[in-house]
Amino acid sequence: MHEFKNFINGEFVTTASGKTFENRNPVDNSLLGLVHEAGQPEVDAAVKAAKAAMQGPWGKMTQAQRIALLDKVANRINERFDEFLDAECKDTGKPHKIASHIDIPRGAANFKAFSETLANHPTEAFKLDTPDGRGALNYGHRTPKGVIAVISPWNLPLLLMTWKVGPALACGNTVVVKPSEETPATATLLGEVMNECGVPKGVYNVVHGFGPDSAGAYLTEHPGVNAITFTGETRTGEIIMRAASVGLRNISLECGGKNPGIVFADCDMDKAIEGTMRSAFVNCGQVCLGTERVYVERPIFDEFVQRLKEGVEKLKLGVPEDPEVDFGPLVSQEHKEKVLSYYRLAVEEGATVVTGGGVPEMGDALNAGAWVEPTIWTGLPDDARVVREEVFGPCCHIRPFDTEEEVIELANDTKYGLSAAIWTENSARASRVAEAMEVGICWVNSWFLRDLRTAFGGAKESGIGREGGVHGLEFYTELKNVCIKL
Ligand SMILES: NC(=O)c1ccc[n+]([C@@H]2O[C@H](COP(=O)([O-])OP(=O)(O)OC[C@H]3O[C@@H](n4cnc5c(N)ncnc54)[C@H](O)[C@@H]3O)[C@@H](O)[C@H]2O)c1
Ligand SMILES: O=C/C=C/C=C(\O)C(=O)O
């Protein structure tokens, strides 16, 4: 039986309590192995190891030495690409075609992206005139925050975890990672890579478990943690924010969304269809930036709905290792039940089911998996729960609109504010509507096109703070001003 162990102070360890929980493959619900659930003792040991590492060789490294080491980590992930790909796709059920182009390459790139940013980012300095004419020199000096708690979700497990670990380590911090209970594999495998690359013990630690009364809560409530970065549901973000308030620990929250896609009649329809197919259905709809609300200008509404339906019905469902497959299962039976409850609710709220709405017949070997049909709805009122609540599945509701003012109001009528996608060939309109979106990220004639130097994060209930490029510096470092009287 495979075991997913905690990784503490450079060693793979089980737990004092002996508690384990099952990790299952969502493709067929087969047992992948047992995960060792970290208790308070293991979380204490991980935080202690991370703190000690700050005083050891890691804390004495120059930024250039850290950057060189993280470059090795990125290269080693790429050398062990197939192992990471296999581990990620077994944990999530996602097609190799997706994980080999998104999850694993970005999982490695996140260690390189911040290194370049840090190496080239200037430090501020000011010359102050003083009455005696000799003046004073002020300069900013950044130091690591210390031990960073990293709490990550199950939809893009390696990518979203290293999106935090990369900058944290590049800035000289150490980390204790609590991956999702659904997806322990790649965070554990990264422990091997850290050892192989000579990253000092205690710099990278992994504790497995759940949230409340488990490793997640023990970690965010631990007084030895200096800052907490979290990606997950908004409700969870609120709980973590309360935990962080004790001891005034800084937080970075990347939370849920109910993202609009806005398709104007003057769009390039091929681009809009291709982009919406990805934004609504890639990763089985389990992408926080995904488009669950699509607004289409009335003259092209019928054509758009028909063409998206045709695209959905061409999606190939199947096992991850099939190179033709572009659509896998949801991450778990539990999430499948949640998404199916919204499929039922949509019909109760009066939706027209354009396509999907149920469970596909996958054959005996796979029917025990977390499979649902990709689904399109029309005809729901704007206050329908399916239009207002994040489903986080392969589904979207399409609604016609008539004016720019109307669609801006519709798009912004949500408690979330993560992303938006706008499809129009009119650049003035693109800029005008994008700037009117109450979100953190707005794509025009594209979706999930990522420049890692840009600010990434959500507005309203989609998050707090920005990560990416220099924006992560404010979270991952303390900035001191030094004033020298000349
Ligand atoms: N904004 C983004 O960048 C982004 C990216 C991916 C996913 N998400 C959001 O994440 C959600 C799906 O992911 P999920 O189901 O893993 O989210 P979740 O909030 O259930 O869990 C996320 C992580 O938090 C941990 N956790 C749960 N309760 C906790 C607690 N009380 N204390 C400490 N840790 C706790 C979980 O174990 C997991 O590791 C969706 O809402 C999606 O929109 C947002
Ligand atoms: O599901 C959410 C995806 C988040 C993506 C990123 O954080 C990224 O591309 O850096």
Side-chain angles (χ1 to χ4, degrees), residues 21 35 37-38 43 92 102-103 105-107 109-110 113-114 149-164 166-167 177-184 187 206-222 225 228-244 251-259 279 282-290 292 330-332 334-335 338 389-393 416-419 439-441 447-469 471-472:
F21 57 93
V35 188
E37 182 179 356
V43 171
T92 60
I102 298 177
D103 300 71
R106 273 290 310 281
N110 287 342
F114 295 97
V150 176
I151 311 277
S152 49
W154 48 254
N155 62 316
L156 303 169
L158 184 67
L159 185 158
L160 288 170
M161 183 262 292
T162 65
W163 177 239
K164 300 167 181 303
V177 174
K178 210 297 290 174
S180 172
E181 54 278 20
E182 303 289 357
T183 53
V206 178
V207 289
H208 292 298
F210 304 84
D213 303 318
S214 189
Y218 300 151
L219 183 58
T220 54
E221 292 163 5
H222 198 293
V225 164
I228 303 165
T229 177
F230 163 78
T231 296
E233 293 196 5
T234 297
R235 296 291 81 79
T236 308
E238 290 171 345
I239 294 169
I240 289 173
M241 195 168 177
R242 280 195 285 273
I251 42 106
S252 168
L253 302 180
E254 303 284 353
C255 296
K258 190 66 176 183
N259 311 305
S279 68
V282 79
N283 206 42
C284 202
Q286 300 166 126
V287 182
C288 61
L289 302 156
E292 293 192 2
L330 294 165
V331 74
S332 67
E334 181 189 0
H335 192 52
K338 173 185 172 184
E389 296 174 15
E390 179 185 58
V391 179
F392 214 57
Y416 292 113
L418 188 53
S419 76
V439 297
I441 308 127
W447 179 76
F448 206 72
L449 181 58
R450 291 278 291 115
D451 179 331
L452 304 187
R453 296 167 297 182
T454 59
F456 184 95
K460 297 160 70 173
E461 291 200 23
S462 289
I464 292 178
R466 293 293 182 268
E467 298 187 359
H471 307 283

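Just so you know, these numbers come straight off a predicted model, no measurement behind them. Atom set for the values below is all heavy atoms of this structure, side chains included, hydrogens, waters and symmetry mates excluded. First listed ligand is number 1; within each ligand, the first listed atom is number 1.
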Please identify which atoms of ligand 1 are closer than 4.0 Å to at least one heavy atom of [X].
X	answer
L160	5 (C), 6 (C)
K178	36 (C), 37 (O), 38 (C), 39 (O)
F230	19 (O), 22 (C), 23 (C), 24 (O)
E181	36 (C), 37 (O)
G256	41 (O), 43 (O)

For this session: Return yes if a side-chain donor-acceptor contact under 3.5 Å exists between T229 and E467, otherwise no.
Result: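 Per modelled atom types, T229 and E467 side chains form a pair under 3.5 Å.
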
Exercise. Side chains of K164 and S252: donor-acceptor distance under 3.5 Å anywhere?
Worked result: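 S252 and K164 do not have a side-chain donor-acceptor pair below 3.5 Å.
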
Exercise. Heavy atom of A217 under 4.0 Å from ligand 1?
Worked result: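 Yes.
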
For this session: Answer yes or no for P179: is there a heavy-atom contact with ligand 1 below 4.0 Å?
Result: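 Flag set, P179 near ligand 1.
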
Output yes when a side-chain donor or acceptor of [X] lies under 3.5 Å from a complementary backbone atom of [Y], and no otherwise.
X	Y	answer
R453	F114	no
W447	L289	yes
Q286	V331	yes
T183	P157	no
S462	Y416	no
N283	L156	no
S214	G211	no
D103	L158	no
N259	G290	yes

Exercise. Hey, is L289 touching ligand 1 through its side chain, its backbone, both or neither, going by heavy atoms under 4.0 Å?
Worked result: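 It is neither; nothing of L289 touches ligand 1.
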
Exercise. Hey, is L418 touching ligand 1 through its side chain, its backbone, both or neither, going by heavy atoms under 4.0 Å?
Worked result: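 For L418, only side-chain atoms sit under 4.0 Å from ligand 1.
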
For this session: Please identify each residue that fulfils side-chain contact (heavy atoms from CB on, under 4.5 Å) with V391, with sequence neighbours left out.
Result: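 For V391, the residues satisfying side-chain contact (heavy atoms from CB on, under 4.5 Å) (neighbours in sequence not counted) are K258, E292, V339, Y342, C395.
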
Exercise. Among G216, S152, C255, which residue places a heavy atom closest to atom 39 (O) of ligand 1?
Worked result: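 Comparing heavy atoms across G216, S152, C255, the nearest one to atom 39 (O) of ligand 1 lies in S152.
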
Exercise. Taking the minimum heavy-atom distance to atom 13 (O) of ligand 1, which of S332, P153, G211 ranks first?
Worked result: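 Nearest option to atom 13 (O) of ligand 1, by heavy atoms: P153.
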
Nearest-contact summary for [atom] - protein heavy atom, Å:
atom	result
atom 12 (C) of ligand 1	F392 CE2, 3.7 Å
atom 25 (C) of ligand 1	I151 CG2, 3.6 Å
atom 41 (O) of ligand 1	E390 OE1, 2.6 Å
atom 16 (O) of ligand 1	W154 CD1, 3.1 Å
atom 31 (N) of ligand 1	I239 CG2, 3.6 Å
atom 27 (C) of ligand 1	T236 CG2, 3.4 Å
atom 17 (O) of ligand 1	E233 N, 3.4 Å
atom 8 (N) of ligand 1	C288 CB, 3.6 Å

Purely on distance, is any nitrogen or oxygen of [X] under 3.5 Å from one on ligand 1?
X	answer
T231	no
N155	no
S462	no

For this session: Please check if a non-hydrogen protein atom sits closer than 4.0 Å to atom 21 (O) of ligand 1.
Result: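 No, there is none.
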
Exercise. Taking any residue with a non-hydrogen atom under 4.0 angstrom from an atom of ligand 2, which ones do you get?
Worked result: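 Within 4.0 Å of ligand 2, protein side: R106, N155, L156, L159, L160, W163, V287, C288, L289, F448, R450, F456.
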
For this session: Run the salt-bridge test on R242 and E221 with the 4.0 Å N-O cut-off and return the result as yes or no.
Result: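 Salt bridge: no.
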
Problem set entry | V225 side chain near T220 side chain, heavy-atom distance below 4.5 Å |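 They are not in contact (no side-chain heavy atoms under 4.5 Å apart), so the answer is no.
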
Exercise. Which residue, I240, L219, L253, forms the side chain to side chain contact (heavy atoms under 4.5 Å, CB included) with I228?
Worked result: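 Only match with I228 under side chain to side chain contact (heavy atoms under 4.5 Å, CB included): I240.
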
For this session: Check the surroundings of atom CG in D451: do more than 12 heavy atoms from other residues, nucleotides or ligands lie under 6.0 Å from it?
Result: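 Atom CG in D451 is packed in, count exceeds 12.
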
Exercise. Name the one of Y218, W154, F21 that satisfies ring-ring contact (aromatic ring centres under 6.0 Å, His included) with F210?
Worked result: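 With F210 as partner, ring-ring contact (aromatic ring centres under 6.0 Å, His included) holds for just one option, F21.
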
